Amino acid sequence: MSAVHSVTASAPGKTNLFFAVGPLQPDGFHDVASIYLALDLREEVTVSPAADWSVSVSGNVSVEQLAAVPTGPENLVVKAAKRVAELAGCDAQPVAFAIDKHVPVAGGMGGGSADAAAALVAVDSLWCTGVAARLVETVDLGADVPFAVTGGIAIGLGRGEQLTQITDVPQLNLVLVTSDEGLSTPAVYKRLDELRAARGIDPADAPEAQVDEEFILALKAGDSAKIASLLKNDLQEAALDLRPDLQLTIDAGVAAGALTGFVSGSGPTVAFLVADANAAEEIAQKLHARGHNAIATAGPAAGAFIREEI
């Protein structure tokens, strides 16, 4: 163990520019084919040695969202620390976690996974365990955690943990509209299966999830208009069924000048692809004037890294 008193790590939130959901598996999960985009909207986690495990939460999200973050052992940061100890073959010593949240809670943007990724990196450094190269072996913490560790832009297969980075992708600019009323990811998947069944498709026999190669070419070319035309999220139908008001948000963003709008992951955050950084600021201001909590952001962003050691 280290003599360092505290370590602060940063990890990115994400959106899924492409998200295909395959058949329902016997274990109740689905294989997916996704294109993850790490965003420069980041979580920070500070870890310090302590007599007992503890989690405190602050940040610039709403009071309601902060209140929804668990502060007990069920928080992913605690599980992440214990996973580091497991990887290193050492005992897990109690840690105090201070989470600084900037990614919407239960918003389909991987905020909890970003917390876990930042905790993995920070605890590995605090304890000097030397397992940084193995921190992607953490899909058991959540399907989005390995990507939050690596960042960038990547194809995710399986449960999302089989990652292949896509290199040389120009910056993409987005506007996010968040919601204080979260959506349960399991509930959205369940509703997708129900909607498929209502159309006569056995959820267990749904088509296999595949990534569109044309989409990857559009990303590498930086062709925002083409990207907008190929965006896909199989969970959007279910999210809109559970939260019809999100369609009004999508319509408002497109009317404000976005190239397209879509539900981010399982929602309820709505993301808009826009032409450039100036457009992102202008559209965010227009949506803010209409009462929306709108944030201009961009990606691909770096994965989890150490920001400070004291």
Side-chain angles (χ1 to χ4, degrees), residues 13-37 65 68 104-113 139 142-144 147 155-162 174 176-216 218 226-255 258-273 292:
K14 59 84 185 174
T15 190
N16 302 84
L17 297 175
F18 186 97
F19 198 76
V21 179
L24 177 65
Q25 303 294 324
D27 62 3
F29 289 90
H30 302 72
D31 282 346
V32 302
S34 172
I35 295 180
Y36 291 106
L37 176 69
Q65 290 194 27
V105 177
M109 294 187 58
S113 296
V139 69
D144 293 339
F147 176 70
I155 299 167
L157 301 177
R159 300 289 159 77
E161 83 284 4
Q162 299 171 25
L174 299 96
L176 308 173
V177 173
T178 65
S179 171
D180 284 340
E181 181 186 348
L183 265 176
S184 159
T185 297
V188 174
Y189 273 98
K190 181 175 182 289
R191 188 59 184 144
L192 173 62
D193 288 336
E194 292 170 348
L195 291 170
R196 285 175 168 175
R199 289 196 291 268
I201 301 170
D202 184 338
D205 292 328
E208 295 293 331
Q210 295 181 331
V211 170
D212 187 340
E213 291 295 330
E214 188 178 5
F215 193 93
I216 297 173
K226 186 70 170 178
I227 294 167
S229 72
L230 295 172
L231 280 166
K232 171 188 177 75
N233 180 8
D234 282 349
L235 294 179
Q236 177 163 310
E237 174 190 17
L240 293 179
D241 186 79
L242 294 170
R243 286 280 305 274
D245 59 296
L246 298 180
Q247 184 61 57
L248 299 177
T249 303
I250 292 173
D251 294 343
V254 172
L259 298 173
T260 193
F262 56 99
V263 174
S264 178
S266 57
T269 300
V270 171
F272 298 96
L273 183 66
H292 295 287

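Please read all numbers here as calculations on a predicted model, not as lab measurements.
Closest heavy-atom contact between K226 and S229: O-OG, 2.7 Å. When every heavy atom of P23 is checked against every heavy atom of D205, the shortest pair comes out as CB-N, 4.3 Å. The shortest non-hydrogen separation linking G107 to P268 is CA-CD, 3.6 Å. The two atoms that bring F19 and V32 nearest to each other are CZ-CG1, 3.7 Å, heavy atoms only. Heavy atoms only, all atoms of each residue included: T249 and F272 are closest at O-CZ, 3.2 Å. Nearest heavy atom pair, residue F215 against residue I35, reads CD2-CD1, 3.3 Å.
Side-chain contact check for R196 versus D234: some heavy-atom pair is nearer than 4.5 Å. Proximity of L195 to E237: side-chain heavy atoms (C-beta onward) are separated by under 4.5 Å at one or more points.
From I250, atom CD1 reaches atom OG1 of T260 across 8.0 Å, with rounding to the nearest 0.5 Å. Rounded to the nearest 0.5 Å, atoms CD1 (I227) and CD (E214) are 11.5 Å apart. To the nearest 0.5 Å, atom CG of residue L176 and atom CG of residue L174 are 6.5 Å apart. Note that the CD atom of Q247 and the CG atom of D241 stand 12.0 Å from one another [nearest 0.5 Å]. Here CG of L157 is found 11.0 Å from CD of E208. Values are rounded to the nearest 0.5 Å. Atom CG of residue L240 and atom CG of residue D245 lie 9.0 Å apart, to the nearest 0.5 angstrom.
Side chain of N233 to backbone of V263: a donor-acceptor contact under 3.5 angstrom is found. Between the side chain of Q65 and the backbone N or O of P104 there is no donor-acceptor pair closer than 3.5 Å. In this structure, the side chain of R243 does not engage the main chain of G267 through any donor-acceptor pair within 3.5 Å.
A salt bridge links K14 and D144; the closest N-O separation between the charged side-chain nitrogens and carboxylate oxygens is under 4.0 Å.
Note: Y36 and F147 have parallel aromatic rings, judged against thresholds of 30 and 60 degrees for the angle between ring planes.
When the side-chain hydrogen bond (donor to acceptor under 3.5 Å, both in side chains) test is applied to Q236, no partner is found at least two apart in sequence or on another chain. By the side-chain hydrogen bond (donor to acceptor under 3.5 Å, both in side chains) test, Q25 is found to be paired with no residue, residues two or more places apart in sequence or in another chain being considered. Considering only residues two or more places apart in sequence or on other chains, Q210 meets the side chain to side chain contact (heavy atoms under 4.5 Å, CB included) condition with none of them.
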Could you check Y189 against V21 for side-chain contact (heavy atoms from CB on, under 4.5 Å), going step by step and ending with a plain yes or no? CA-CA 9 Å; Y189 273 98; V21 179; 3.9 Å; yes
Would you please test T269 and S264 for side-chain hydrogen bond (donor to acceptor under 3.5 Å, both in side chains) and show each step? CA-CA 6 Å; T269 300; S264 178; 5.8 Å; no
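Among the candidates V270, L246, T15, N16, the single residue satisfying the side-chain contact (heavy atoms from CB on, under 4.5 Å) test with F262 is T15.
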